[in-house]
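Just so you know, ligand 1 is whichever comes first in the structure, and atom 1 is the first atom listed for that ligand.
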Amino acid sequence: MNFDLTITPIKDIESNIEIVIISEKNLDHRFVQDKALLEKAGFQGEQDEVCLLIEKDRLYVAVNAINSVNVRTATATAIKALESTSYKTVKIASYMNHPKCTAALRAMVEGFVLGAYNFNKYKSEKSEFKIKNITISLEEYSEYELNIEACARALNSGQIVAEATNFTRDIVNTTPDDCYPEVMANISEEMAKENGLKCKILKPKKLRKEKMETLLAVARASRHKPRVIHLAHKPKNPKAVVTLVGKGLTYDSGGLSLKPADYMVTMKSDKSGGSAVIGIMKAISEMNLPIEVHGFVGAVENMIGGDAYKPDDVLVAKNGKTIEIRNTDAEGRLVLADTLCYAQQEVKADYIFDFATLTGASVVGVGHYTSSIMGNDDQPKDAVIAAAKSAGEFATKLDFNRYLKKSLKSDIADICNISNTRYGGAITAGQFLEEFIDDDHKDKWAHIDIAGPAFVEHAWGENPHGASGAGVRMMTRLLEKLSSDK
Ligand code: BES
Ligand code: ZN
Ligand code: ZN
């Protein structure tokens, strides 16, 4: 999709169709050109409601009020509504509420790119999106001193981050037999080559040498051998050093503690955390952010078989802690334990963030739309939540407490891989991970459970059915913020 920015008035721009964003309270305003037609069509002006006036080549989309979040879902919905039409070019006004505030412009571009996404790798008949060009008119601000450069930057960043989100969606949506650990490693290597990133792949022999025995145990029953991926973006004079770690379970059958049939479907999405890390690395390298970022992915498949790890096993993690296994479906925390230890051994970071579809309990607790943010210290958690908000993702804090922590005690090992209570499962999973964060990183770490929003069963906002790319926008935003601080 190509975007053009222009100061040409909207009426003078040649295009097949115009998209008009209209706020509910302006519906009756005299400047609304097609008031009578909209009324006839029963257009109410509710957020994301669309009305296509074919004879006018105009598509109206409503927002409750003009702000970034609303504009993002509005343009996503609008472009989706044009999917089966034969329009090729679109024009739209920029709707910036202030000439200095380019957030809505960026959100508009993100909405278009995210809304135009469709995953048709497995369809015999591939529907092609015909819209290729979108012209955005900045004319309303021609009386102000418009900072065209800032507008162009906003457009560019929006396009990069949304395309990286779609890249993550593609990885997650790919089936487990087309995307297994080796494939995730290949995707990373290819992306790294294109974007000038360093990329190191750890195979089983090296994983054994690094004493990543818990990760290897989870992987053991699969015919697909595990990989740990390390991507690095290392500019000169970085503003900070950040480590990202992702859960990359290319399939989670539950292992011997097998998932019931209904719960196993969609578990190709258990690689969403790792796929988000790869997408974030793509975005920040394309933006050329002056910040050093390391992305680690633990890519593993959790299967059953004679060789499978079992409840009653005691495993030794990379940091020497012993773990009593009571449920092989709590595998993500085991893979993350070793990957976190390895990441901290390799990089001393100012911040460490991990992304994982870790618990069903997170979904139960905060719903399908929201990520749960955990950790020891408020500062990194608050930074994630603020970044999520400005990027248009939902995130909320779940606090640790010492009473819940006790539920992870084991009689025979240092810790148990599940808690002994039915409640607070997202928090106890986070507290399990805490055991694998070293003292230097204790207050610099936040754990992001994306189990809710990572995979969308009923389309919402800018997300179609399937993978959402959760985490990519929020973390890219945070890394942009850290790049501009000081
Ligand atoms: N991958 C799942 C968590 C999950 C569930 C992600 C639903 C997305 C949607 C994870 O590995 C898992 O199975 N967790 C168990 C933990 C339990 C055994 C303590 C769970 O949440 O039930
Ligand atoms: Zn599991
Ligand atoms: Zn899992």
Visitor: Could you label the plane-to-plane angle of the F112 and F3 rings as parallel, tilted or perpendicular, counting under 30° as parallel and over 60° as perpendicular?
Guide: tilted
Visitor: Does a donor on one side chain and an acceptor on the other come within less than 3.5 Å for E83 and N118?
Guide: yes
Visitor: Are there over 12 heavy-atom neighbours, none belonging to N401, within less than 6.0 Å of that residue's CG?
Guide: yes
Visitor: Compute whether any side-chain donor of one residue and acceptor of the other, for D329 and Y263, lie under 3.5 angstrom apart.
Guide: no
Visitor: Using 30° and 60° as the class boundaries, would you call the ring planes of F455 and H465 parallel, tilted or perpendicular?
Guide: perpendicular
Visitor: Between ligand 1 and the protein, find all N/O pairs closer than 3.5 Å and give the distance for each.
Guide:
from, atom 1, to, atom 2, distance (Å)
ligand 1, 1 (N), K247, NZ, 3.4
ligand 1, 1 (N), D252, OD2, 3.2
ligand 1, 1 (N), D270, OD1, 2.8
ligand 1, 1 (N), D270, OD2, 3.0
ligand 1, 1 (N), T357, O, 3.4
ligand 1, 11 (O), K247, NZ, 3.2
ligand 1, 11 (O), D252, OD2, 2.9
ligand 1, 11 (O), D329, O, 3.0
ligand 1, 11 (O), E331, OE1, 2.8
ligand 1, 11 (O), E331, OE2, 3.0
ligand 1, 13 (O), K259, NZ, 2.8
ligand 1, 13 (O), D329, O, 3.0
ligand 1, 13 (O), D329, OD1, 2.8
ligand 1, 13 (O), D329, OD2, 3.0
ligand 1, 21 (O), G360, N, 2.7

Visitor: For the Zn ion (ligand 3), which protein N/O/S atoms fall under 2.8 Å? Skip waters.
Guide: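 Near the Zn ion (ligand 3), below 2.8 Å, one finds K247 NZ, D252 OD2, D270 OD2, E331 OE2.
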Visitor: Can you spot which of T165, N173, N166, N463 makes a side chain to side chain donor-acceptor pair (under 3.5 Å) with Y117?
Guide: N173
Visitor: Please say which of K442, K405, K321, R333 ends up in a salt bridge (charged side-chain N to carboxylate O under 4.0 Å, His left out) with E434.
Guide: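 So the option named by the test is K405.
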Visitor: Would you call the rings of F436 and F432 parallel, tilted or perpendicular, where under 30° means parallel and over 60° means perpendicular?
Guide: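 Tilted.
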Visitor: Which class fits the ring pair W460 and Y369: parallel under 30°, tilted 30 to 60°, perpendicular over 60°?
Guide: perpendicular
